[in-house]
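See below for the structure under consideration.
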Amino acid sequence: MNTTAISPLTVTPLGFIPDLKNATLVPFNETACENWKEIHHLVFHVANICFAVGLVIPTTLNFHMIFLRGLLTIGCALFIIWATLYRCALDIMIWNSVFLVVNLLHFIYLVYKRRPIKIEKELSSLYKRMFEPLHVPPELFQRLTGQFCNIQTLKTGQAYAAEDKTSVDDRLSILLKGKMKVSYRGHFLHNIYPCAFIDSPEFRSTQMNRGEKFQVTIIADDNCKFLCWSRERLTYFLESEPFLYEIFKYLIGKDITNKLYSLNDPTLNDKASKKIDRQPSLCSQLSVMQMRNSMASTSDSEDGLQMFLRGTSSASSLLTGPAEHLP
């Protein structure tokens with residue numbers, strides 16, 4: 001039977017102090033740097049400079065992510081050149097090729113997102129007047145107007161809506177060109193000018209009650225062109241875009257207020273309505289709806305119209321004062 005020899009353990013006394021002067025130094029292993037090699041080629045250093053500059057770009061810079069990905073892409077390309085021509089290192093070339101592809105794809109995607117959005121000529125004035133001042137991005141406006149909506153036309157004398165006949169649940173429209181006239185049982189109420197909602201009071205009322213009919217008649221006073229959304233699909237879209245939903249609430253509320261003002265001042269023209277657009281909303285968004293409900297519930301149309309006009313005379317006086325001082 002083979003027996004294994006057990007080497008005795010060496011026990012160091014507690015009071016032993018090693019002799020450092022006579023100690024023998026153990027040489028480093030073969031991977032230790034005994035002699036520093038010469039400096040790498042300039043391409044190597046330029047690549048690292050690109051990485052360093054890209055990483056120190058402040059995030060407050062508008063295009064900082066594009067600059068970062070662009071510099072990382074250039075740095076990876078220089079590393080591939082260095083590894084192929086001056087180092088002959090296959091692994092360095094392969095890894096940097098992978099990094100190059102990843103950063104290049106990110107760079108292309110970021111540049112694509114920053115591409116200039118071209119808005120149709122017919123909608124450019126609408127965007128500049130209503131949506132751009134509220135900081136709506138062009139790409140979001142393009143999504144809003146690029147689906148479930150279309151541009152329609154009406155010739156002079158054609159009706160957009162007829163009272164007690166046309167349903168208010170189908171659409172929401174903004175007038176792009178021309179002028180429309182709103183009347184109730186033959187009584188002129190107000191005009192609608194470009195860059196204004198045609199049926200904003202009805203849109204607000206249908207959020208509370210479905211199946212209603214127009215209580216006014218809206219007729220094209222000129223050859224008109226308007227942007228028309230499917231109301232149901234627009235509602236679903238706005239639910240998925242909270243920012244745009246708040247924008248629409250504000251625009252519709254302001255439009256209802258302007259219609260209330262023009263109801264008390266039938267001579268209001270397009271130029272004056274633009275000035276009123278810059279005024280804050282002073283009246284409730286339900287005022288025009290109350291107008292139509294009061295007139296619809298009154299058997300005598302003349303008495304119903306006069307009742308509402310008397311009831312809103314105070315609101316008119318509030319709005320007229322600031323408007324006279326507008327530049």
Side-chain angles (χ1 to χ4, degrees), residues 117-154 158-180 182 190 192-220 224-260 273 277 281 284-289 292-293:
I117 303 298
K118 185 178 180 181
I119 299 176
E120 296 182 26
K121 186 177 180 180
E122 294 176 325
L123 302 177
S124 59
S125 60
L126 174 66
Y127 174 72
K128 291 179 180 178
R129 180 170 172 180
M130 296 183 64
F131 292 90
E132 188 177 31
L134 299 177
H135 306 288
V136 176
E139 57 270 17
L140 185 57
F141 178 77
Q142 190 180 54
R143 288 179 56 198
L144 174 67
T145 57
Q147 52 187 339
F148 51 81
C149 73
N150 52 66
I151 297 177
Q152 300 181 12
T153 58
L154 285 177
Q158 289 185 324
Y160 175 86
E163 55 188 278
D164 299 327
K165 294 182 180 180
T166 307
S167 172
V168 301
D169 296 334
D170 298 333
R171 56 186 175 176
L172 175 68
S173 305
I174 296 180
L175 186 62
L176 299 177
K177 182 182 178 182
K179 184 177 72 172
M180 289 185 173
V182 181
H190 62 85
I192 300 176
Y193 295 98
C195 296
F197 286 95
I198 299 175
D199 43 7
S200 54
E202 287 75 17
F203 181 81
R204 181 64 72 194
S205 66
T206 53
Q207 292 181 338
M208 297 178 287
N209 300 302
R210 291 286 182 177
E212 293 185 356
K213 302 293 184 180
F214 273 89
Q215 298 175 12
V216 295
T217 297
I218 305 176
I219 298 177
C224 296
K225 185 177 293 186
F226 58 93
L227 181 67
C228 182
W229 285 280
S230 167
R231 184 167 304 194
E232 183 177 1
R233 297 182 64 183
L234 175 63
T235 302
Y236 288 143
F237 176 74
L238 294 179
E239 289 176 354
S240 65
E241 294 289 344
F243 171 70
L244 203 56
Y245 174 75
E246 295 298 328
I247 294 295
F248 257 75
K249 283 178 60 178
Y250 169 76
L251 290 175
I252 289 175
K254 186 175 71 170
D255 187 78
I256 292 175
T257 302
N258 291 342
K259 283 180 170 55
L260 177 63
S273 67
D277 282 346
S281 297
S284 169
Q285 298 174 8
L286 299 177
S287 299
V288 176
M289 292 164 49
R292 294 176 181 175
N293 291 336

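Index from 1, following the sequence.
Relative to the six-membered ring of Phe237, Arg143 misses at least one condition, a distance below 6.0 Å or an angle of at most 45° to the axis.
The aromatic rings of Phe214 and Tyr160 lie perpendicular to each other, with more than 60° between the two planes, well past the 30° mark. Ring geometry, Phe248 versus Phe131: the interplanar angle falls from 30° to 60°, so the pair is classed tilted.
Checking side-chain atoms of Tyr127 against main-chain N and O of Glu120 turns up no donor-acceptor pair under 3.5 Å. Counting only distance, with no hydrogens or angles, the side chain of Asp255 and the backbone of Phe197 share a donor-acceptor pair below 3.5 Å. Checked by atom type and distance alone, the side chain of Arg171 never pairs as donor or acceptor with a backbone atom of Asp199 at under 3.5 Å. A donor-acceptor pair is defined here as one N or O able to donate and one able to accept, closer than 3.5 Å; no such pair exists between the side chain of Lys177 and the backbone of Glu122.
Residues Leu123 and Ile151 meet the side-chain proximity criterion, which asks for heavy atoms closer than 4.5 Å. Counting heavy atoms from C-beta on, the side chains of Glu232 and Tyr236 come closer than 4.5 Å.
Between the CG atom of Leu144 and the CD atom of Gln142 there is a distance of 11.0 Å, given to the nearest 0.5 Å. Annotation: the span from Asp170 atom CG to Trp229 atom CH2 amounts to 16.0 Å, rounded to 0.5 Å. Atoms OG1 and CG, from Thr153 and Leu176 in turn, are 11.0 Å apart once rounded to the nearest 0.5 Å. Here Thr145 contributes atom OG1 and Leu140 contributes atom CG; the two are 9.5 Å apart, rounded to the nearest 0.5 Å. To the nearest 0.5 Å, atoms CD1 (Ile174) and NZ (Lys225) are separated by 15.5 Å. Atom CD1 in Ile256 sits 4.5 Å away from atom OG in Ser200 (nearest 0.5 Å).
Residues Tyr193 and Lys179 share a closest heavy-atom pair of CE2-CD, 3.4 Å. Of all non-hydrogen atoms in Arg204 and Gly253, the two that sit nearest each other are NH2-N, 4.3 Å. Between Cys195 and Ser125 the shortest heavy-atom distance is SG-O, 4.1 Å. Closest approach of Pro138 and Ile119 over heavy atoms only: CB-CD1, 4.4 Å.
Of the residues listed (Leu154, Ile198, Ile218), the one engaging Leu175 in a side chain to side chain contact (heavy atoms under 4.5 Å, CB included) is Ile198, and it is the only one. Of the candidates Arg129, Met130, Lys128, Leu126 forms a side chain to side chain contact (heavy atoms under 4.5 Å, CB included) with just one, namely Met130. Put simply, the residue from Cys224, Cys149, Cys228 that forms a side chain to side chain contact (heavy atoms under 4.5 Å, CB included) with Ser173 is Cys228.
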